[in-house]
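Letters A, B, ... are given to chains in the order of the sequence lines, protein chains preceding strands, and every chain is numbered from 1.
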Number of protein chains: 2
Amino acid sequence: MSHSVYGRLMSVDRTQVLRAAAALLSRKATATMDEVARAAGIGRATLHRQFAGRDALVRALEELGLQELEAAQDRARTDEGPADEAVRRLVAEVEPVAPLLSFLVTENQLFEGDQQNEGWARLDARVSDLFRRGQEEGTFRIDLTPAWLTEALYGLIGSGAWAVQDGRVAAKDFQYMIVELLLGGARRSVEK
Amino acid sequence: MSHSVYGRLMSVDRTQVLRAAAALLSRKATATMDEVARAAGIGRATLHRQFAGRDALVRALEELGLQELEAAQDRARTDEGPADEAVRRLVAEVEPVAPLLSFLVTENQLFEGDQQNEGWARLDARVSDLFRRGQEEGTFRIDLTPAWLTEALYGLIGSGAWAVQDGRVAAKDFQYMIVELLLGGARRSVEK
DNA sequence: ATTGAGTGAGACATTGATGTCTCATTCGGT
DNA sequence: ACCGAATGAGACATCAATGTCTCACTCAAT
């Protein structure tokens with residue numbers, strides 16, 4: 001039957017195409033299907049055979065992003081140890097997915113009406129729980145709601161990703177800048 | 001010559017159209033020219049007479065936004081008094097323009113190549129100067145660069161605007177959430 | 001009442017991206 | 001060497017938004 005060990009027949013590696021698409025669309029959100037195809041090194045027809053249309057491509061990209069983000073959360077073990085250290089680990093693990101995350105978040109707030117993937121709710125809930133846990137443990141202040149802290153985390157990651165892309169912030173400082181601002185704020189504090 | 005005191009004849013108030021466009025595009029960035037026209041209560045033809053095309057509209061919107069942002073900076077007197085209080089005033093003054101600012105920032109990072117309005121540079125410089133001043137006065141930590149703090153401020157304002165729009169954060173908490181996180185961070189500190 | 005600038009509605013052409021299809025070619029499996 | 005699945009390139013139709021134009025109408029100024 002000529003099926004390879006990968007369950008697919010000599011075909012273009014779907015995941016590889018998705019990664020190329022993610023890399024391109026994260027930089028240029030308005031890239032055309034043709035550009036995506038060329039970026040992935042395949043023909044436009046083939047791209048269309050893999051993904052019914054632009055919507056399908058974006059939704060697949062969303063799946064990929066959500067998977068990687070959940071995996072990042074797992075690796076960060078956000079429910080273990082001190083909450084602030086967990087946040088640190090989370091940002092570190094999420095960094096590689098930051099540009100894609102930024103793209104998907106923007107894409108999401110564009111199309112409002114259409115129901116959105118429930119994966120985001122799960123993701124939000126987990127991040128939110130982390131901040132809540134930190135509050136209950138007395139590590140985080142309680143006057144900033146977990147929902148806002150979650151939102152702010154996404155925002156800072158997005159800003160960080162763009163700042164790095166534009167060269168306004170060194171890539172090596174990405175984690176530090178985000179975590180320090182999120183946790184410690186800009187004001188000079190007594191401690192440390 | 002029948003010119004009115006407003007220098008224009010009975011025509012649609014350009015600024016009013018721009019405000020309507022800003023309100024719509026801030027919520028739905030992909031709104032069509034026809035939608036913008038209807039939102040402004042005018043015909044599509046008239047909209048076209050006022051703004052050569054979509055690009056021209058966006059550029060005019062950019063002008064408006066930059067004007068209002070500079071005005072907000074002026075009112076906030078960002079070069080007076082303690083830096084942290086200046087930041088507080090700045091966020092308060094910028095709040096009404098937040099959705100538009102968010103739209104313009106997103107729009108800007110979409111079209112990369114084309115030279116961007118120098119107004120942004122002026123704006124960035126002023127915000128950046130504020131943070132730098134805070135650092136020199138010993139109010140702000142010096143391990144977070146002014147460039148990053150500026151970027152982060154934009155990001156948080158954008159996140160805040162969306163969070164309010166989606167009802168995840170109460171409108172009345174907008175300023176507080178942003179300023180407190182930006183200045184104080186999430187971690188519970190000894191002071192206060 | 002007359003005038004004319006400004007307008008809204010709609011017809012129309014244009015443009016750019018999308019989606020579909022065909023066909024010759026490539027390449028792995030046999 | 002052969003076979004067939006999968007591909008790349010390109011032709012083609014479609015679709016949505018844009019931009020242009022015409023024309024009848026409104027309304028303020030006179």
Phosphate OP1/OP2 of dT18(C): any Thr32(A) side-chain N/O under 4.0 Å: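 Yes.
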
Under-4.0 Å side-chain N/O to phosphate OP1/OP2 contact, Thr46(B) with dG6(C):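 For Thr46(B), the contact criterion (side-chain N or O under 4.0 Å from OP1 or OP2 of dG6(C)) is not met.
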
Quickly work out the [X] [atom1] to [N] [atom2] distance and round it to whole Å.
X	N	atom1	atom2	result
Arg38(A)	dT7(D)	CZ	P	17 Å
Leu47(A)	dG8(D)	CG	C1'	13 Å
Asp13(B)	dG6(C)	CG	P	15 Å
Gln50(A)	dA5(D)	CD	P	17 Å
Asp34(A)	dT18(C)	CG	P	9 Å

Glu107(A): side-chain hydrogen bond (donor to acceptor under 3.5 Å, both in side chains) partners, not counting sequence neighbours: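 Glu107(A): no side-chain hydrogen bond (donor to acceptor under 3.5 Å, both in side chains) contacts found.
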
From Leu182(B), Leu181(B), Leu183(B), residue fulfilling side chain to side chain contact (heavy atoms under 4.5 Å, CB included) relative to Leu181(A):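 Of Leu182(B), Leu181(B), Leu183(B), side chain to side chain contact (heavy atoms under 4.5 Å, CB included) with Leu181(A) is met by Leu182(B) alone.
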
Quiz: residues 146-160 of chain A side-chain donor-acceptor pairs under 3.5 angstrom, not counting sequence neighbours:
{"unit_1": "Trp148(A)", "atom_1": "NE1", "unit_2": "Met177(B)", "atom_2": "O", "d": "3.2"}
{"unit_1": "Thr150(A)", "atom_1": "OG1", "unit_2": "Pro146(A)", "atom_2": "O", "d": "2.8"}
{"unit_1": "Glu151(A)", "atom_1": "OE1", "unit_2": "Arg168(B)", "atom_2": "NE", "d": "2.8"}
{"unit_1": "Glu151(A)", "atom_1": "OE2", "unit_2": "Arg168(B)", "atom_2": "NH2", "d": "2.9"}
{"unit_1": "Tyr154(A)", "atom_1": "OH", "unit_2": "Asp124(A)", "atom_2": "OD1", "d": "2.7"}
{"unit_1": "Ser159(A)", "atom_1": "OG", "unit_2": "Gly155(A)", "atom_2": "O", "d": "3.1"}

Residues that Asp55(A) engages under side-chain contact (heavy atoms from CB on, under 4.5 Å), provided they are two or more places apart: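 With neighbours one apart ignored, the set is Arg59(A).
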
Glu95(A): partners by side-chain contact (heavy atoms from CB on, under 4.5 Å), with sequence neighbours left out: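 Only Phe174(A), Gln175(A) meet the side-chain contact (heavy atoms from CB on, under 4.5 Å) criterion with Glu95(A).
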
Annotated protein contacts, base or backbone, on nucleotides 19-26 of chain D with a non-hydrogen cut-off under 4.0 Å, one of B, S, - each: BBBB----

Residues that Asp79(A) engages under salt bridge (Lys or Arg N to Asp or Glu O under 4.0 Å), provided they are two or more places apart: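 For Asp79(A), no residue satisfies salt bridge (Lys or Arg N to Asp or Glu O under 4.0 Å) once neighbours in sequence are set aside.
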
Closest-nucleotide ordering on DNA chain C, the 5'-leading residue of Glu35(A) and Ile42(B):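 With Ile42(B) and Glu35(A) compared, the 5'-side residue is Ile42(B).
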
